[in-house]
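Taking it in order: structure first as structure tokens, then the write-up.
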Protein chains: 2
Amino acid sequence: MRRPLIRKLEKFTRLSQADKEMLVRIAAQRVRRFAAREDIIHEGEKPEFINLINEGWACRYKTLEDGRRQIIAFFLPGDLCDLNVFILKEMDHSIGAITPVSVSEISRAAFDEMMIGHPRITQALWWESLVAAAIQREWTVNLGQRDALERMAHLLCELFIRLEAAGCTSDSSCEFPLTQTELGETLGMSTVHVNRTLQELRASNLIVLKDRTLTIPNLQALQDVALFNPNYLHLDREGRHLDANEE
Amino acid sequence: MRRPLIRKLEKFTRLSQADKEMLVRIAAQRVRRFAAREDIIHEGEKPEFINLINEGWACRYKTLEDGRRQIIAFFLPGDLCDLNVFILKEMDHSIGAITPVSVSEISRAAFDEMMIGHPRITQALWWESLVAAAIQREWTVNLGQRDALERMAHLLCELFIRLEAAGCTSDSSCEFPLTQTELGETLGMSTVHVNRTLQELRASNLIVLKDRTLTIPNLQALQDVALFNPNYLHLDREGRHLDANEE
DNA sequence: ACGGCGACCTTACCTATGTTAATGTCGGAC
DNA sequence: GTCCGACATTAACATAGGTAAGGTCGCCGT
């Protein structure tokens, strides 16, 4: 079994065996599965758990009164939804499955227990939540300043690099389940224009996207057209080497 | 002296006298002042403090290699920048003063001390940081889905309501120091179009904006054109009444 | 008193992107 | 094997919003 969360957190810090066991244990209690397109939690509900995505893709989204929908964030394997949410009275947005997903619900009690006994994990989780905030900020820049082509390229770079950190890529390829409609709802553009933009990226040999699989033959080239700077993902550990001692 | 932070936190929870004194004390040590347009902290630097805005307006912003600038967030009196930032190795964006500002720097030690001795404050600060994240998400929706008029109206509603929570409005007016260039950098539109859009809002009597003062004669009307739903600001206390027992 | 500067406003023109709608492709249900 | 729905693609046309250029006003320093 893959442990995308552990894998990702180790990009930030070294975890002890006990830490890892704790994380596995936490992720094992209260696992739920959702079908593609099903809501995991809906706007207006009271949040009672922190959700951890084990498998599959999900997203945050918000719908305006008149039906326009904006995808606000993607949750990939190993991603957590909002540390500390239980402080809020109700959700101001929804979280929905994109593919079939498996989600672990982490209760407030389990979370507090972890905070007390495992400072390393606590730190790592705050790191992950600061990174999530940084991603949200970068999306603001993306929507505000970049044009369609740059925007699309930027999103693809980000998703690819995040998937890599979670151990969900092989070589220069990854699964890519998003429809063009979903890409449009993410990037604030019409499906027609999404299609045009993807064609353009294909024509420049920057991406291969077919059968739900994305290949990026030259990541640096794609980053260049996107004006992509990975610093906001804060993926470099303190100077220490990464070591292969996973699992 | 106004205490915008206390005022704002009391929108979320009741604070004891000791809590308030703590907050005053924290805000008193290490106060710095910056001129308009000066950077408070710059991309690439290591964050050592949590900044609290006492007076004036500031913003987060990010600049692309080719010079395009996006304002990512506004900091109004009583706003905090990123609880827990010190975990990150370096800033991925800058924070700059818009007007002259007074800022309190909160050290990691002071923050930890507060976390331990004052659970009420701790909760309230997490609330404030969750609200900041919610605002960032709403900006994503704003940039992705709303057109120029809606976008501008939405921003004005948000700023007005946030200023109100901090006690910085009188009646239906507030100070409004943003230039049209800054509005453009915030909303991802050209200054020309900012101007057109403001004209349109003025022509519909939705706003009066003159001499750095904004008046919103009918907030509900402005909210309606913006498709503005204030739920994301999470400004309603537990069902208990708000009471006037401030300071 | 003058020059310079930054905010603001305006006009004319141009283009990236949206809209609508028709058509194509593929995989699954029966 | 065919019918259907989800998704992708394409074309023709419409428009929101960008670009470039210039003008006015008030303020600040000398």
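Chain letters run A, B, ... following the sequence lines, proteins first and then strands; every chain starts at 1. Just so we're clear, the structure is a prediction, and the values are computed from it rather than from any experiment.
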Could you go through E65(A) and N229(B), starting from their C-alpha distance and side-chain angles, then the distance that decides it, and tell me whether this counts as side chain to side chain donor-acceptor pair (under 3.5 Å)? CA-CA 9 Å; E65(A) 294 159 35; N229(B) 179 339; over 6 Å; no
Donor-acceptor pairs are to be reported for all side-chain atoms of residues 171-178 of chain B against protein atoms at under 3.5 Å, with residues two or more places apart or in another chain.
| from | atom 1 | to | atom 2 | distance (Å) |
| --- | --- | --- | --- | --- |
| S173(B) | OG | T215(B) | OG1 | 2.9 |

Close N/O contacts between protein and nucleotides 9-12 of chain C (under 3.5 Å):
| from | atom 1 | to | atom 2 | distance (Å) |
| --- | --- | --- | --- | --- |
| dC9(C) | OP2 | Q180(B) | NE2 | 2.9 |
| dC9(C) | OP2 | R202(B) | NH2 | 2.6 |
| dC9(C) | O5' | N195(B) | ND2 | 3.4 |
| dT10(C) | OP2 | Q199(B) | NE2 | 2.8 |

Under 4.0 Å between a side-chain N or O of R212(B) and OP1 or OP2 of dC8(C)? yes
Over all strands shown, is [X] touching base, sugar-phosphate only, or nothing at heavy-atom distances under 4.0 angstrom?
| X | answer |
| --- | --- |
| R37(B) | sugar-phosphate |
| T179(A) | sugar-phosphate |
| G188(A) | sugar-phosphate |

Among side-chain atoms of E138(B) and H154(B), is any donor-acceptor pair under 3.5 angstrom?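 Yes.
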For the residue pair T140(A) and Q136(B), confirm or rule out a side-chain donor-acceptor distance under 3.5 Å.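 There is such a pair (donor and acceptor under 3.5 Å, judged by atom type) between the side chains of T140(A) and Q136(B).
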Separation of [X] atom [atom1] from [N] atom [atom2], in whole Å?
| X | N | atom1 | atom2 | answer |
| --- | --- | --- | --- | --- |
| R146(A) | dA16(C) | CZ | C1' | 18 Å |
| L183(A) | dT9(D) | CG | C1' | 15 Å |
| K210(A) | dC7(D) | NZ | P | 18 Å |
| E182(B) | dC8(C) | CD | P | 9 Å |
| L209(A) | dC7(D) | CG | P | 14 Å |
| E185(A) | dG18(C) | CD | P | 13 Å |
| M189(B) | dT17(C) | CE | P | 16 Å |
| D211(B) | dC8(C) | CG | C1' | 12 Å |

Min side-chain heavy-atom separation [X]-[Y] under 4.5 Å:
| X | Y | value |
| --- | --- | --- |
| Q145(B) | R68(A) | yes |
| L201(A) | L149(A) | yes |
| I53(B) | L76(B) | no |

Evaluate the criterion side chain to side chain donor-acceptor pair (under 3.5 Å) for residue pair E43(B) and N231(A); output intermediate values, then yes/no. CA-CA 10 Å; E43(B) 179 166 353; N231(A) 66 349; 3.2 Å; yes
If the helix axis at each end comes from five base pairs, how far does the helix from dA1(C)-dT30(D) to dC30(C)-dG1(D) deviate from straight, to 10°?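 What I find for the helix from dA1(C)-dT30(D) to dC30(C)-dG1(D) is an axis angle of 40°.
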Any donor-acceptor N/O pair, Q70(A) side chain to E185(A) backbone, under 3.5 Å: yes
Looking at the side chain of H193(B), which of dT19(D), dG17(D), dC7(D) is the nearest nucleotide? dG17(D)
